[in-house]
There are 2 protein chains.
Amino acid sequence: MESRRDVFQAIADPTRRAIIMLLAVNAMTPNALAEHFDSSRQAVSKHLQILTECEVVTPEYKGREIVYHINNPKMKEIEKWLEEFKLLMSRRFDQLDHVLNELQNRKK
Amino acid sequence: MESRRDVFQAIADPTRRAIIMLLAVNAMTPNALAEHFDSSRQAVSKHLQILTECEVVTPEYKGREIVYHINNPKMKEIEKWLEEFKLLMSRRFDQLDHVLNELQNRKK
DNA sequence: TCCATTCGCAACTATTTGGTTGCAAATATA
DNA sequence: TATATTTGCAACCAAATAGTTGCGAATGGA
């Protein structure tokens, strides 16, 4: 559980996506989060650790409790990537591609 | 390399994200794609297999060649999830949360 | 001070992942 | 027909992942 720590890795796991959604509604402690899942507190804690490493989530230390918050700017990176993808899709040149294929076939 | 096949798993790997971007520009065969990467054709092929399972990509059989296309509707699922997240974020009730915490502290 | 609670860390396990190589099937070309 | 090209599939491997249990540190209340 070491490498390739980015937002996309963060949202790959369904439990982590659920954690993100719960934290989007309300910042929470690991225990409060764990109550929403079948898996143990430690499992949730590990996901929080990963989410923290990805900077998708930020811990706020309050005495012995740790309240986890969504780090919104990091989530925007997904949006950004998606926008870029959509831009490329809108610019795709199937027609030109078709023409090029035709030319190549004629060449042969 | 078996389970949990969804769009989020599909975009978790940086190579797969690159493949998606390339295919967004222009539908391509595995060989054409592999030229853009250091890893072997088989590695790229495996990613294409995963992307096909996730329905992020659709194969078009042309004789011995297979042209891979982006399956746009599937990509929209990411957008959909992100929209839901953004909605929850916009509705988050930090103020209320704060009030509840205050009440709880007083109760103790 | 003593005890319960909250939590991270370490060790361990089974499964999944991303990659490799080798091979066989199908198609195109000579 | 013989040969080269494009491709998927199977077997294998090292590393990462998701989960577990057990422990110890720090905090807060009695």
Side-chain angles (χ1 to χ4, degrees), chain A residues 1-20 23 27-54 56-69 101-102 104-108, chain B residues 1-20 23 27-54 56-69 101-102 104-108:
Chain A
M1 226 179 256
E2 258 299 335
S3 63
R4 236 183 310 106
R5 283 285 119 93
D6 61 29
V7 209
F8 300 97
Q9 190 68 20
I11 62 163
D13 184 85
T15 303
R16 281 200 291 272
R17 283 202 300 281
I19 290 175
I20 289 171
L23 293 183
M28 259 184 266
T29 63
N31 264 345
L33 272 171
E35 281 172 18
H36 292 82
F37 299 98
D38 289 333
S39 48
S40 68
R41 177 189 67 80
Q42 275 83 352
V44 172
S45 245
K46 275 206 169 184
H47 283 304
L48 283 171
Q49 190 186 306
I50 291 169
L51 289 170
T52 306
E53 281 175 37
C54 299
V56 164
V57 134
T58 310
E60 180 199 356
Y61 298 87
K62 283 189 172 178
R64 72 181 162 188
E65 289 191 340
I66 302 179
V67 182
Y68 283 90
H69 299 261
N101 279 333
E102 287 293 306
Q104 197 165 29
N105 287 340
R106 228 172 288 167
K107 194 174 64 187
K108 288 172 193 167
Chain B
M1 225 176 256
E2 258 300 333
S3 62
R4 237 184 308 107
R5 284 287 118 93
D6 62 29
V7 208
F8 300 97
Q9 189 68 20
I11 63 165
D13 183 85
T15 305
R16 282 200 289 273
R17 283 202 300 280
I19 289 175
I20 288 171
L23 292 184
M28 258 183 268
T29 63
N31 261 347
L33 271 169
E35 281 171 20
H36 292 82
F37 300 98
D38 288 335
S39 49
S40 69
R41 176 189 67 79
Q42 276 83 351
V44 172
S45 245
K46 274 204 168 187
H47 283 304
L48 282 172
Q49 190 186 307
I50 291 169
L51 289 170
T52 305
E53 280 175 37
C54 299
V56 164
V57 133
T58 310
E60 179 199 358
Y61 297 87
K62 283 188 174 179
R64 72 181 164 189
E65 289 192 340
I66 302 179
V67 182
Y68 283 89
H69 298 261
N101 279 333
E102 287 295 304
Q104 195 164 31
N105 287 341
R106 227 172 287 167
K107 193 175 64 187
K108 287 172 193 169

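Please read these numbers as outputs of a predicted model, since none were measured by experiment. Per chain, numbering begins at 1; letters A, B, ... match sequence-line order.
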On DNA chain D, does the nearest nucleotide to A:Val44 precede the nearest nucleotide to A:Gly63 from the 5' side, or the other way round? Give the residue.
A:Val44
Partners of A:Glu60 by side chain to side chain donor-acceptor pair (under 3.5 Å), sequence neighbours excluded?
A:His69
Please evaluate the base of D:dG28 for a donor-acceptor partner in the side chain of A:Glu65 within a cut-off of under 3.5 Å?
no
So, is A:Asn31 close to the C:dT5 phosphate, meaning a side-chain N or O under 4.0 Å from OP1 or OP2?
no
Classify B:Tyr68 by what it touches in the nucleic acid, base, sugar-phosphate, or nothing, heavy-atom distance under 4.0 Å.
sugar-phosphate
Please confirm whether the backbone N or O of A:His47 pairs with a side-chain atom of A:Arg16, one donor and one acceptor, at under 3.5 Å?
no
Between A:Asp6 and B:Arg17, does any side-chain N to carboxylate O distance fall below 4.0 Å?
yes
Could you check if a side-chain atom of B:Glu53 sits within less than 4.5 angstrom of a side-chain atom of B:Gln49, using non-hydrogen atoms only?
yes
Here the distance between atom P of C:dT16 and atom CG of B:Asp6, to the nearest Å, is 15 Å
How long is the line joining CZ of A:Arg17 and C1' of D:dA18, in whole Å?
15 Å
Of the listed D:dT17, D:dA18, C:dG19, the closest approach to the A:Ile50 side chain comes from D:dA18
Evaluate the side-chain proximity of A:Ile11 to B:Ile11: yes if any heavy-atom separation is below 4.5 Å, no if none is.
yes
How many Å lie between CZ on B:Phe37 and C1' on C:dG19, as a whole number?
14 Å
Any B:Arg64 side-chain nitrogen or oxygen under 4.0 Å from OP1 or OP2 of D:dG8:
no
Can you measure A:Gln49 atom CD to D:dA16 atom P for me and round it to whole angstrom units?
15 Å
Which residue lies toward the 5' end of DNA chain D, A:Ser40 or B:Val67, if each is placed at its nearest nucleotide?
B:Val67
When you measure from the side-chain N and O atoms of B:Thr29 to the phosphate of D:dT7, is any distance below 4.0 Å, counting only OP1 and OP2?
yes
4.5 Å side-chain heavy-atom contact, A:Leu23 and A:Leu33
yes
Report the distance from atom CZ of B:Phe8 to atom P of C:dT16, rounded to the nearest whole Å.
21 Å
On the nucleotide C:dC7, are OP1 or OP2 found under 4.0 Å from the side-chain N or O atoms that A:Ser45 carries?
no
Of the candidate nucleotides C:dC7, D:dT7, D:dG19, which contains the atom at the shortest distance from the side chain of A:Lys46?
D:dG19
More 5' along DNA chain C: B:Gln42 or B:His47, using each one's nearest nucleotide?
B:His47
Whole-Å distance separating the CG atom of B:Leu48 from the C1' atom of C:dT17
16 Å
Roughly, in whole Å, what's the span from CG in A:Asp13 to P in D:dA16?
18 Å
Examine D:dT17: is either OP1 or OP2 under 4.0 Å from a nitrogen or oxygen in the side chain of A:Gln9? Give yes or no.
yes
Contact under 4.0 Å: A:Arg41 side-chain N or O vs C:dC9 OP1/OP2
no
When the distance from CZ of A:Arg16 to P of D:dA16 is rounded to whole Å, what number comes out?
15 Å
